[in-house]
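A quick write-up on the structure given underneath.
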Amino acid sequence: MSTCFFIGHRDAPDSILPSLSAAIETRIVEDGVDQFVVGNYGRFDLLAAQAVRKAKKQHPDILLFYLRPYHPAERSFTPAGFDGSFYPPGMETVPRKLAIVRANRYMVDNSQFLIAYARYTVSNAWELTEYAWKREKKGLIHVENLVQV
């Protein structure tokens, strides 16, 4: 199994959807990715989930998981359109205000691929993408930023 995580800005434009879909198709066809994990907190997350759902029509075996930054007891439902959800281990002790950042970092540490939309250098999405680039230099993850920097 191979996992791809998504990180991006909450104000991502709809115009990135074609390049997002192409990146997902490449991960599936060329790299054998069969699991995609995304949050549910901004426009980029919504676009990523939409693009994976579209790809599922051609590749019905791929799975789309919702990343839960907060304990499932707090919000037990999984949003519609996801095959399931994932709550990273050890998150129970993370302060609520750090939960999203910590869950995202866990996914970068435990995914083989990251598709990002990081253009604002003063943002959590940028910081996480920079962290992933450092891991990429060690051969631990492949990063694709849909923004040309």
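- Exactly one of N124, L128, I7, L98 qualifies for a side-chain contact (heavy atoms from CB on, under 4.5 Å) with R105. That residue is L128.
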Next item on the list: Begin with the C-alpha distance, continue with both residues' side-chain angles, and end with the deciding distance and a verdict on side chain to side chain contact (heavy atoms under 4.5 Å, CB included) for N104 and F5.
Entry: CA-CA 9 Å; N104 288 344; F5 180 56; 3.3 Å; yes
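- A donor-acceptor pair is defined here as one N or O able to donate and one able to accept, closer than 3.5 Å; no such pair exists between the side chain of S21 and the backbone of P18.
- Between V37 and L64 the shortest side-chain heavy-atom distance does not fall below 4.5 Å.
- When only modelled atom types and interatomic distance are considered, T78 and R68 share a side-chain donor-acceptor pair under 3.5 Å.
- Within a 6.0 Å sphere centred on CD of Q58, heavy atoms belonging to other residues, nucleotides or ligands number 12 at most.
- Taking CZ of R102 as the reference point, atom NZ of K97 lies at 11.5 Å (rounded to 0.5 Å).
- Counting heavy atoms from C-beta on, the side chains of H59 and D61 never come closer than 4.5 Å.
- Smallest separation of non-hydrogen atoms from S2 and F113: OG-CE1, 3.4 Å.
- Judged by distance alone, the side chain of D31 and the main-chain N or O of V33 form no donor-acceptor pair under 3.5 Å.
- What you find for W126 and A118 is that their closest heavy atoms are CZ3-O, 3.3 Å.
- Side-chain atoms of P89 and Y106, non-hydrogen and from C-beta on, do get closer than 4.5 Å to each other.
- Taking the six-membered ring where the residue is Trp, H9 and Y117 present perpendicular rings, their angle passing 60° and hence far from 30°.
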Margin query: Please evaluate residues V52 and F6 with respect to the criterion side chain to side chain contact (heavy atoms under 4.5 Å, CB included), reporting the C-alpha separation (whole Å), side-chain torsions for both, the decisive distance (0.1 Å), and the verdict.
Written below: CA-CA 11 Å; V52 172; F6 298 92; 3.8 Å; yes
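- Between R135 and D109 there is a salt bridge, with a side-chain nitrogen of the basic residue lying less than 4.0 Å from a carboxylate oxygen of the acidic one.
- Closest approach of I115 to A23, counting heavy atoms only: CD1-CB, 3.8 Å.
- Hydrophobic clustering, with ILVMFWY side chains joined whenever heavy atoms are under 4.5 angstrom apart, groups V38 together with I100.
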Note to self: side chain to side chain contact (heavy atoms under 4.5 Å, CB included), that's the test. Do T3 and N110 meet it? Break it down for me.
What the structure shows: CA-CA 8 Å; T3 301; N110 292 278; over 6 Å; no
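- No donor-acceptor pair closer than 3.5 Å links the side chain of R27 to the backbone N or O of C4.
- Two residues are said to be in side-chain contact when any heavy atoms from C-beta on lie closer than 4.5 Å; D14 and R43 meet this criterion.
- In this structure, CG in N40 is found 11.5 Å from OG in S85, a value given to the nearest 0.5 Å.
- A donor-acceptor pair under 3.5 Å links the side-chain atoms of S123 to the main chain of Y120, judged by distance alone.
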Next item on the list: Quick one: do F44 and D11 satisfy side chain to side chain contact (heavy atoms under 4.5 Å, CB included)? Show the steps, please.
Entry: CA-CA 7 Å; F44 181 76; D11 66 347; over 6 Å; no
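- Using a 4.5 Å heavy-atom threshold, the side chains of I62 and F36 count as touching.
- Nearest heavy-atom pair, L47 versus A12, reported as atom, atom and distance to 0.1 Å: CD1-O, 4.1 Å.
- Looking only at side-chain heavy atoms (C-beta outward), L67 and M107 come within less than 4.5 Å of each other.
- In this structure, R10 fails the cation-pi test against Y41, since its NZ or CZ atom is not both closer than 6.0 Å to the six-membered ring centre and inside 45 degrees of the ring normal.
- Taking hydrophobic clusters as Ile, Leu, Val, Met, Phe, Trp and Tyr residues chained together by side-chain heavy-atom distances below 4.5 Å, V108 shares a cluster with F86.
- Stacking of R96 on the aromatic ring of Y70 is recorded, both the 6.0 Å distance cut-off and the 45° axial limit being met.
- Within the 4.5 Å cutoff, the side chain of E92 has heavy atoms near those of the H71 side chain.
- Taking all atoms of both residues into account, the shortest heavy-atom contact from Y66 to P79 is CD2-CD, 3.4 Å.
- Shortest non-hydrogen contact noted between K56 and L63 is NZ-CA, 4.2 Å.
- If you chain together hydrophobic residues whose side chains sit under 4.5 Å apart, L20 and L46 never meet in one group.
- Two residues are said to be in side-chain contact when any heavy atoms from C-beta on lie closer than 4.5 Å; H142 and E136 meet this criterion.
- Linking ILVMFWY residues whenever their side-chain heavy atoms come closer than 4.5 Å, directly or via other members, places L17 and L146 in the same cluster.
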